Amino acid sequence: MHIQELILRLQRFWADRGCLVGQPYDLEKGAGTMNPLTFFGALGKKPWNVAYVEPSRRPADGRYGENPFRVYKHLQFQVILKPSPARVQDLYIESLEALGIDLSKHDLRFEEDNWESPTLGAWGVGWQVVLDGMEISQFTYFQQVGGLDCRPVSAELTYGIERICMFLGGYDNIFDLTYGEVKTDEGVFPVTYGQMRQREEFELSAYSFEHADLDLHRRLFEDFEKEGWRLLKTHGHFLSAYEQALKMSHTFNVLDARGAVSTTERPGVIKRVRDLACGCAKAYLEHEEGAPTDAAASAEVAK
Amino acid sequence: MGIAIPHDEKNPEAPCTTHSAHLYSPRKLAWWGLNYLVQQPDQTETQVGPPQKMCLDADGKPTQTGLKFAEKWGVDFAAVRFEQPAGKKEPCAVVTITKRGRPTKELLAETLPGLVASLHVPKAMRWGKSDFEFVRPIRNVLCLLGSDVVEFSVDGVRTTGTTWGHRLHHRANPAPVAVASPEAYEASMEAAGVVVHFLERRARMEVQLHALASEIGGTVVMDEELLDTLAEIVEFPTIVRGAFPKEFLELPKEVLITSLKEHQKSFCVEDAQGGLLPFFLSAANRPIEPGSEAEKLVAGGNEWVLKARLYDARFFFAEDCKTRLEARLEKLQALTFQRELGSYFQKGERMVELASELAPLFGLSPGHAREAARLAKCDLRTLMVGEFPELQGVMGGEYLRREGEPEAVWKAVKEHYRPAGAEDGLPSTAEGCLLSLVDKLDTVVGCFAVGIIPSGSKDPLALRRAGMGVVRILWERGWGGDLLGLCRQAQMVVGTKATKPDAETMQALEAFFRDRVAYQLEQAGYAGPVRRAALATGWSDLVDLKARCEALSGFAEDARFASLAQSVKRIANILKDEAPSEAFNPDLLQQDEEKALAARLAALEGTTDMRQLLGALAELAAPLEAFFTAVMVKCEDAALRSARLSLLHRLRTLFLRVADFSQWQ
């Protein structure tokens with residue numbers, strides 16, 4: 001199956017089950033959870049169902065486009081269901097069937113895997129979903145986001161698009177996948193993932209491992225942080241401040257890929273991103289609902 | 001969730017359950033018990049009221065007080081008796097009332113919701129809109145007493161007499177599964193594709209693993225922990241066998257085993273020579289017919305994923321091999337071991353120093369010991385250990401072997417994290433044991449020197465395990481000498497990094513290692529009295545301690561022992577408030593009994609072999625008894641008294657070379 005067909009089917013499936021089809025957020029980020037559609041959407045009381053594709057950048061996973069399985073940037077398909085429906089696992093299984101996976105002939109395991117994002121102050125409880133030995137999804141009941149309790153609880157489903165495509169087609173190399181087909185008057189031209197992305201993988205890997213200016217990135221990290229807190233504290237603007245937190249997070253990932261963050265500094269640097277993200281979450285909830293829902297969590301943020 | 005409470009009508013007297021079982025699978029938690037009463041027994045009790053004279057008037061008619069008493073307990077006044085209860089001066093109104101036993105079902109319906117809510121869950125979660133917390137969302141509650149549903153609800157989920165089968169492989173029959181009775185639960189679930197007994201799932205997998213391995217002429221590289229994990233992940237286990245390309249066999253065996261285990265939860269298969277075969281065994285969560293399309297697809301899928309994993313492992317291995325292991329030394333500077341104790345580079349330097357000092361003590365060449373210590377931590381900076389932290393040591397050793405280092409060096413590096421736990425063995429070579437000893441001594445002594453001391457459940461750096469490793473190496477290798485002396489040497493090497501006074505650190509180390517040594521004696525199977533008596537006279541030389549424990553254990557059976565232990569305690573009592581002189585003049589002694597004892601003492605003082613010494617001490621039982629019967633130690637004659645006290649003092653010193661018998665009880 002082509003990558004775009006897989007995406008279209010998932011969008012259709014979840015739209016039919018009452019989800020908004022969202023769009024990727026136009027800033028670098030490491031995971032679909034960081035999209036404000038999830039980060040803020042998972043907070044507060046109002047019902048919220050949304051599904052979207054998120055290109056996710058992990059500089060340390062870059063392999064110059066030479067490794068058939070690992071890439072700097074991959075596509076996540078993210079679904080948020082708030083409150084988590086009682087049939088959520090069955091819905092997920094039906095979505096796999098909508099992709100054409102005949103589960104009567106395959107093996108599916110839900111393995112305990114509790115998720116945590118220290119940069120977002122978020123954690124949840126759930127499973128990794130393993131199909132014939134391959135992890136294809138992460139399934140999480142959010143307990144906290146931005147240091148605040150999630151009430152009600154959202155279910156988050158994350159599909160690894162390329163992995164599922166490779167598995168379905170039995171591909172041994174991610175770059176051999178077909179993204180889709182271009183049809184012109186001259187005929188039909190399939191476009192591979194490699195044609196679309198391999199050069200990008202090479203350049204972005206080289207950037208993360210060799211060319212990124214470390215001093216610039218250290219400076220950027222500091223500046224984004226100052227900017228974020230200025231927006232949040234002076235203006236009470238949590239959305240623009242949150243963008244600064246996302247930029248801090250990506251800047252940190254670039255520095256980390258270069259080994260420029262020592263193991264001892266690491267927790268401290270991550271905490272600086274988390275503090276800003278948690279500050280944004282608190283301001284958002286106050287804006288939406290008036291007062292903090294969880295006194296203990298707010299006290300934590302104030303620290 | 002299922003709660004099943006059968007009752008046994010043949011045995012209605014049983015007060016509560018006599019048999020129970022816990023059953024669970026990834027989606028189910030179940031408990032059942034046997035021999036519950038359907039109806040709780042009636043209970044009678046006697047209530048004492050006001051005195052008779054207040055309850056009856058002069059005509060023997062009930063008074064207001066009397067009527068009120070009867071009314072209070074819900075009986076007719078006719079049921080009130082007048083008796084004089086113990087402790088009362090006059091007859092009082094008495095009633096006997098019977099409390100009807102309640103139906104067990106009612107009691108269960110009241111109790112169970114609270115019980116479910118109070119179950120301890122290590123990491124609880126909430127779901128949906130509810131504030132209820134549990135390990136995973138509760139979707140169904142099956143609760144039976146016999147064949148009746150016990151009615152209650154947990155977080156809005158009402159109890160039923162049904163439950164659900166396998167999520168995927170019971171979908172052809174989408175109705176819930178009715179469970180007729182608790183006894184039928186396991187069979188009903190099995191029919192619906194769920195094996196609810198953990199041990200049963202585990203046992204079935206074990207059988208299949210062995211069968212599938214022997215089909216290809218191999219044996220499973222068994223891993224009990226992995227088997228436990230898999231038995232907890234699947235509801236209906238079927239083992240599938242897959243193959244991987246032979247070229248991956250070039251990777252070190254440990255890499256393959258670890259990669260398969262950590263990434264794919266799969267087992268390796270080895271041949272009779274211990275070499276791996278290009279096959280693996282995985283557990284699927286469903287029934288699979290042999291030869292079916294599903295079998296082919298599941299095995300094929302696993303093979304595909306595994307190939308990707310092995311490709312990665314081979315990439316790490318090839319990258320690591322491009323530069324000599326030694327090249328990582330500098331990079332260790334940036335890897336913190338512990339804040340005050342510095343980087344792994346500095347730890348490595350301390351290990352080199354300590355290894356050179358200790359090697360000669362155990363008859364080893366300092367050259368190899370230094371080299372192994374210098375390179376021991378380099379693999380922490382390899383890609384492979386970055387990916388699989390549990391391969392630390394193993395990879396360093398492998399890379400050094402391939403670089404042509406001598407076996408004494410690479411094997412020492414490879415095994416220096418052993419013993420990794422109580423079940424694990426020591427490094428197989430003397431050099432490996434030395435390196436492991438040096439590493440662990442530096443860790444324990446260094447941490448104590450900066451105030452990191454395990455207490456209660458707090459032991460974040462696993463110092464107790466490291467300390468146990470130190471003790472086991474000395475004990476099992478038969479390396480004598482002074483354990484506390486080794487600590488002092490390690491302390492010298494830690495030097496100025498210490499933040500605590502040296503004396504304080506040594507005191508804490510002494511208490512710490514004494515506990516570890518005591519535990520080692522327990523593990524070695526010595527009886528309580530042997531351990532206490534042997535430890536009390538010193539434990540820092542483990543070889544000496546072992547010899548004394550052996551001697552004492554053999555001797556404890558000896559009939560003369562009780563008498564001897566008694567005499568030794570008596571000596572201790574006599575000497576308690578005395579300051580006996582070291583100088584002993586046997587010529588001052590007068591009575592035969594004491595002269596005999598002195599003669600034996602002189603003969604024994606030169607003996608060094610513990611067993612021989614203890615045997616000879618046993619022979620003192622009779623002379624000692626005779627001595628205490630005939631001789632008055634604390635006599636008037638000061639010189640004689642002093643000589644007698646000295647005799648006893650020397651005897652006690654002799655005994656203390658083996659054990660402190662006052663601790664023998």
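A quick note: this is a predicted structure, and the numbers were derived from the prediction, not measured. These numbers come from the heavy atoms of this one structure, side chains and all, not from hydrogens, waters or symmetry mates. Below, chains carry the letters A, B, ... as their sequence lines are ordered, and counting in each starts from 1.
Of the atoms belonging to Asp102(A), not a single heavy atom falls under 4.5 Å from chain B. For Val298(B), the parts sitting under 4.5 Å from any heavy atom of chain A are the backbone and the side chain alike. Residue contact with chain A, scored on non-hydrogen atoms closer than 4.5 Å, is absent for Lys296(B). For a residue to count as touching a neighbouring chain, one of its non-hydrogen atoms must lie under 4.5 Å from one of that chain's; by this rule Phe142(A) does not touch chain B.
Panel note: side chain Arg286(B), backbone Ser104(A); a donor-acceptor pair is recorded below 3.5 Å. A donor-acceptor pair is defined here as one N or O able to donate and one able to accept, closer than 3.5 Å; such a pair exists between the side chain of Arg136(B) and the backbone of Gly126(A). Panel note: side chain Trp127(B), backbone Pro83(A); no donor-acceptor pair is recorded below 3.5 Å. With hydrogens and angles ignored, the 3.5 Å screen pairs no side-chain donor or acceptor of Asp132(A) with any backbone N or O of Asn302(B). Although no hydrogens or angles enter the test, the distance criterion places a donor-acceptor pair under 3.5 Å between the side chain of Arg126(B) and the main chain of Gln143(A).
Most heavy-atom pairs under 4.5 Å with chain B, from the set Arg63(A), Glu135(A), Arg109(A): that is Arg109(A). When the candidates Val234(B), Asp312(B), Val240(B) are compared by the number of heavy-atom contacts under 4.5 Å with chain A, Asp312(B) comes out ahead. Across Ser282(B), Ser292(B), Ala283(B), the residue that shares the most heavy-atom pairs under 4.5 angstrom with chain A is Ala283(B). Contact count against chain A (heavy-atom pairs under 4.5 Å) is highest for Lys265(B) among Glu303(B), Gln264(B), Lys265(B).
In this structure, CE on Met125(B) lies 9.5 Å from OG1 on Thr140(A), to the nearest 0.5 angstrom. To the nearest 0.5 Å, atoms CG (Asp149(A)) and CG (Asp131(B)) are separated by 9.0 Å. Between the CD atom of Gln89(A) and the CZ atom of Arg139(B) there is a distance of 8.0 Å, given to the nearest 0.5 Å. A distance of 8.0 Å separates CG in Leu230(B) from CD in Glu111(A), rounded to the nearest 0.5 Å. Annotation: the span from His169(B) atom NE2 to Leu108(A) atom CG amounts to 7.5 Å, rounded to 0.5 Å. Residue Ser84(A) holds its OG atom at 11.0 Å from NZ of Lys129(B), rounded to the nearest 0.5 Å.
Within 6.0 Å of CD on Glu210(A) lie more than 12 heavy atoms contributed by other residues, nucleotides or ligands. Within 6.0 Å of atom CD in Glu247(B), more than 12 heavy atoms from other residues, nucleotides or ligands are found, so the atom counts as buried in its surroundings. Heavy atoms from other residues, nucleotides or ligands lying under 6.0 Å from NZ of Lys46(A) number more than 12.
Contacts between residues 64-74 of chain A and chain B, counted as heavy-atom pairs separated by less than 4.5 Å, involve Glu66(A), Asn67(A), Pro68(A), Phe69(A), Arg70(A).
Side-chain contact check for Tyr141(A) versus Pro137(B): some heavy-atom pair is nearer than 4.5 Å. Contact of the Ile93(A) side chain with the Leu168(B) side chain is registered, since non-hydrogen atoms from C-beta on lie closer than 4.5 Å. Looking at Trp304(B) and Met134(A), their side chains come closer than 4.5 Å, going by heavy atoms from C-beta outward.
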